[in-house]
Amino acid sequence: MGIVLEKLPVVCHKVPGGELVLTTADFFIDWARQSSIWPLTFGLACCAIEMMAAYAARFDFNRFGVIPRPTPRQADCLIISGTVTKKMAPAIERLYDQMPEPRFVISMGACANCGGPYYDSYSVAKGVDKVIPVDVYIPGCPPRPEALHNAVLVLQKKIEDSFVAGSRVK
Amino acid sequence: MDDAQLVERIAERFGEAREVPLPDPKWLRPDAPQVKVPAERVAEVARYLKNELGFDLLDFLTAVDWLKENRFEMVYCFTKTAEPKSRLFLKADLPREGEPGLPSLAGLYKAADWQEREVFDLFGIRFEGHPHLKRILLWEGYPGHPLRKDYVHVPDKYDNGSEIGLPKSAVPSGEHK
């Protein structure tokens with residue numbers, strides 16, 4: 001099955017013909033959400049190149065259950081990979097609005113975090129958190145694919161801690 | 001036809017045309033002659049360059065804001081692609097006050113279309129006779145033209161309050177022309 005039962009809050013019963021596993025609904029839902037974070041296929045600037053590398057064979061995002069989706073209606077996660085220009089901000093807001101709850105946002109790189117090298121520009125938003133709420137920030141210019149993987153691990157931990165009875169508490 | 005002859009021919013045809021001296025004698029001389037004409041004659045000169053002198057390619061066009069001299073300078077770069085190859089810079093001065101404008105080259109060179117829109121977007125220079133003179137990079141309703149040297153940014157909802165740009169004390173007060 002690939003599930004390490006010793007680490008999970010489960011009760012395991014041997015029954016004739018196999019095993020019966022009992023756990024809480026909260027834990028099960030969190031586990032399912034953590035293991036299939038599906039981000040929107042969405043790249044903004046040069047960070048998107050690192051994001052593509054993270055998806056590709058050498059770094060292999062699939063092993064975390066991260067599979068890119070072509071539409072916001074199927075996506076759980078929005079990776080803001082690059083500079084958020086003020087002209088693009090309404091489009092990002094709209095994509096975010098089209099995603100179903102629960103939804104998560106990873107802000108990737110210096111530009112998306114705070115404007116980065118374009119902080120003094122007239123046309124760049126000072127961070128994507130001026131537009132939509134952000135769950136995980138990744139520093140770097142650009143961050144390596146490993147950093148993006150780490151962000152997903154952090155996000156998984158956050159999903160584990162954030163929900164009680166199916167609704168978000170923090 | 002060498003560069004000197006080229007400038008001579010243009011000067012002969014358009015009396016007000018003259019070769020531009022370098023702003024500083026220490027500057028490297030570009031490998032092409034630079035000719036300055038009155039702004040309202042730019043389209044006329046470009047038509048002559050294209051149809052009679054064979055300058056069939058407009059490499060680029062751009063503008064420079066000389067704030068201290070209170071003028072904009074339009075810069076056009078033309079290339080003759082047929083042998084013998086040749087290159088020419090065409091320049092024109094515009095006043096900074098009011099709505100500076102000059103004839104569009106979009107009907108003559110397709111390449112001028114979007115680049116004139118860019119100059120209009122960032123400098124606010126109008127091109128008369130342009131088929132679709134709208135902002136190309138910034139959005140409709142953007143306040144001002146940011147490549148003007150006296151542009152002041154008004155913070156909006158995507159900025160951190162009034163904090164924009166470096167504080168005045170951090171900017172070196174070097175002379176720049």
Side-chain angles (χ1 to χ4, degrees), chain A residues 40 42-48 72 78-99 103 105-142, chain B residues 60-67 72 96 99-100 113-126 132-174 176:
Chain A
L40 180 65
F42 181 58
L44 278 176
C46 28
C47 278
L78 185 58
I79 300 175
I80 306 296
S81 52
T83 316
V84 180
T85 58
K86 289 173 184 172
K87 202 176 178 182
M88 194 65 186
I92 292 176
E93 207 171 347
R94 189 164 176 183
L95 284 173
Y96 182 75
D97 289 345
Q98 287 176 338
M99 287 165 64
R103 53 198 170 182
V105 176
I106 295 175
S107 164
M108 183 182 182
C111 295
N113 293 344
C114 66
Y118 309 108
Y119 186 82
D120 289 330
S121 169
Y122 48 82
S123 61
V124 174
K126 309 287 168 276
V128 73
D129 50 9
K130 294 273 186 294
V131 188
I132 53 174
V134 175
D135 292 284
V136 183
Y137 295 88
I138 319 173
C141 186
Chain B
F60 64 87
L61 67 91
T62 185
V64 186
D65 184 358
W66 300 98
L67 182 63
F72 288 121
R96 285 186 97 261
E99 280 197 347
D113 187 336
W114 282 17
Q115 294 190 42
E116 285 183 351
R117 282 177 65 187
E118 188 181 347
V119 169
F120 165 69
D121 191 354
L122 301 176
F123 287 93
I125 295 172
R126 303 196 68 85
H132 188 62
L133 194 64
K134 277 176 67 181
R135 286 187 182 275
I136 190 168
L137 296 170
L138 296 165
W139 56 97
E140 285 300 311
Y142 187 88
H145 303 284
L147 286 195
R148 289 189 176 196
K149 297 287 183 203
D150 55 356
Y151 170 79
V152 180
H153 182 73
V154 182
D156 54 34
K157 61 177 175 170
Y158 301 122
D159 292 320
N160 293 329
S162 59
E163 178 198 336
I164 181 97
L166 294 168
K168 285 243 154 50
S169 54
V171 181
S173 58
H176 62 91

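Every chain is numbered from 1, with letters handed out A, B, ... down the list of sequences.
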S.K.: Would the distance check show the side chain of A/Lys130 and the main-chain N or O of B/Asp159 forming a donor-acceptor pair, the cut-off being under 3.5 Å?
M.R.: no
S.K.: Side chain, backbone, both or neither: which part of A/Val124 has a non-hydrogen atom closer than 4.5 Å to chain B?
M.R.: backbone
S.K.: Is the count of non-hydrogen atoms from other residues, nucleotides or ligands lying under 6.0 Å from B/Tyr142 atom OH greater than 12?
M.R.: yes
S.K.: Supply the atom-to-atom distance B/Trp139 CH2 to A/Ser123 OG, rounded to the nearest 0.5 angstrom.
M.R.: 6.5 Å
S.K.: Does the plane of the ring in A/Tyr122 sit parallel, tilted or perpendicular to the ring in B/Tyr151? Use 30° and 60° as the thresholds.
M.R.: perpendicular
